[in-house]
Amino acid sequence: MPTDSWVNETLYAEWGQRFLVKRELARVQSDFQDIMLFESYSHGRVMLLDGVVQITEKDEFVYQEMLTHVPLLAHGDAKRVLIIGAGDGGVLKRVLQHRNVERAVMVEIDGEVIRLCKEHMPDIAGDAWNDPRAEVIVGDGIDYVRKAEAGSFDVVIVDSTDPIGVGEVLFTDEFYANAARLLSDRGLIVNQCGVPAMQAEELAETSLRRGKVFADIWAYVAAVPTYVGGFMTLGWAAKDATLRQVDTATIRARAEAAGILGQTQYWTPEIHTGAFNLPPYISKHLPQG
């Protein structure tokens, strides 16, 4: 039904953004969180989890492309990819755009997120749900990484809410230790670490935790308009430090071979290599030395 109400994001107590709601699509209290989907006038369809913007149709491509294409192309030969969270299916779609990917396992704890996104935001995932290379599990990602066979994945992508509530357990020492174990020799893991202008402690704390089990700790940036506050950081933890030093020409060649060159709206080979060059206000929160 049409409405003239506004929705206020509740991520920060003293600062936020709001959307004029064209039409509310769904409001569900799942076993894990409050889920709201609505149609906005400015950003297409929007999903909030516990009052925090997760995805909008207008700018989802920025986050999804950078969370996916950067680790896969930095690795260069990622055939087996594990996705934790990402219930909207956007990361799964981007992973499967890579021709050389043979298997993509996605573990999302909240089946309601998947159901509602399939129903109300089908374009985000497209046909990814039906790809024979995809295995979608509604279950606990923590449990999955605990039981996964050593060396069974090349890349892990964690697309979770902030480390509060249901997302908190994805930022523990045990989780990263298990991630390191299930990754192959040149494996790496990426995850969102918040907007450092407002959430610098998130980047600092997760970097220290990852540094206990991974040789190379860093972050790279993406500017997602609805993740307000400037650059968002994507945390990077790799077993091999050379993976984030691959030159632009090599990244371009890999993207061409993977079939994604020219298929993106934000990611480019130049943005890929440039995203690791951090402003000092961000890099100072990473482990020094």
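Below, each value reflects all heavy atoms present in this structure, side chains not excepted, and no hydrogens, waters or symmetry copies.
Residue-environment remark: CG (D185) stays at or below the threshold of 12 foreign heavy atoms within 6.0 Å.
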Step by step, work out the ring pair (Phe, Tyr, Trp, His ring centres under 6.0 Å) result for F214 and Y176. CA-CA 9 Å; F214 286 93; Y176 290 120; 7.2 Å; no
Pair I55-M121, side-chain contact (heavy atoms from CB on, under 4.5 Å): steps then yes or no: CA-CA 10 Å; I55 190 167; M121 302 175 92; 3.9 Å; yes
E202 vs Q192, side-chain contact (heavy atoms from CB on, under 4.5 Å): CA-CA, chis, key distance, verdict: CA-CA 9 Å; E202 204 172 303; Q192 70 95 350; 3.8 Å; yes
Decide yes or no on side-chain contact (heavy atoms from CB on, under 4.5 Å) for L116 and I35, but give the supporting numbers first. CA-CA 9 Å; L116 291 166; I35 308 168; 3.7 Å; yes
Could you go through the side-chain hydrogen bond (donor to acceptor under 3.5 Å, both in side chains) check for N277 and Y220 one step at a time? CA-CA 7 Å; N277 297 311; Y220 60 103; over 6 Å; no
The test is side-chain hydrogen bond (donor to acceptor under 3.5 Å, both in side chains); show your working for Q64 and D88 and say whether it passes. CA-CA 10 Å; Q64 316 269 28; D88 53 75; 3.1 Å; yes
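A donor-acceptor pair under 3.5 Å links the side-chain atoms of D50 to the main chain of D34, judged by distance alone. When atom types are taken as modelled, the side chain of Q288 and the backbone of L286 share a donor-acceptor pair closer than 3.5 angstrom. K118 places no side-chain N or O within donor-acceptor distance of the main-chain N or O of G89, the cut-off being under 3.5 Å. With hydrogens and angles disregarded, a donor-acceptor distance shorter than 3.5 Å links the side chain of D154 to the backbone of R80. Between the side chain of R186 and the backbone N or O of K239, no donor-acceptor pair lies under 3.5 Å. Judged purely by atom type and a 3.5 angstrom limit, T68 has no side-chain atom pairing as donor or acceptor with the backbone of E65. Under a 3.5 Å cut-off, the side chain of E9 and the backbone N or O of L11 do not form any donor-acceptor pair.
Criterion: ILVMFWY side-chain heavy atoms under 4.5 Å apart, direct or through other members. Under it, V28 and I124 are part of a common hydrophobic cluster. Residues L203 and L208 fall into different hydrophobic clusters, defined by Ile, Leu, Val, Met, Phe, Trp and Tyr side chains chained together at heavy-atom separations under 4.5 Å.
How far OG of S283 is from CZ of F276: 14.5 Å, rounded to the nearest 0.5 Å. Taken from CG in L92 to CE in M106, the straight-line distance is 6.0 Å, to the nearest 0.5 Å. Rounding to the nearest 0.5 angstrom, the gap separating the OG1 atom in T242 from the CG atom in D216 is 8.5 Å.
Salt-bridge check for K93 with D127: failed, with every basic side-chain N at 4.0 Å or more from each acidic carboxylate O. In this structure, E149 does not pair ionically with R181, as no charged nitrogen and carboxylate oxygen lie closer than 4.0 Å. Salt bridge E135/R103: present, at least one basic N to carboxylate O contact under 4.0 Å.
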Identify every side-chain donor-acceptor pair in residues 255-265 under 3.5 Å, counting partners at least two apart or on other chains, and give the distances.
from	atom 1	to	atom 2	distance (Å)
T264	OG1	W267	O	2.5

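Each of E119, E60, E39 was scored for a salt bridge (Lys or Arg N to Asp or Glu O under 4.0 Å) with R45, with one residue passing: E39.
Contact of the V224 side chain with the T226 side chain is registered, since non-hydrogen atoms from C-beta on lie closer than 4.5 Å.
The aromatic rings of H69 and H98 sit tilted, their planes meeting at an angle between 30° and 60°.
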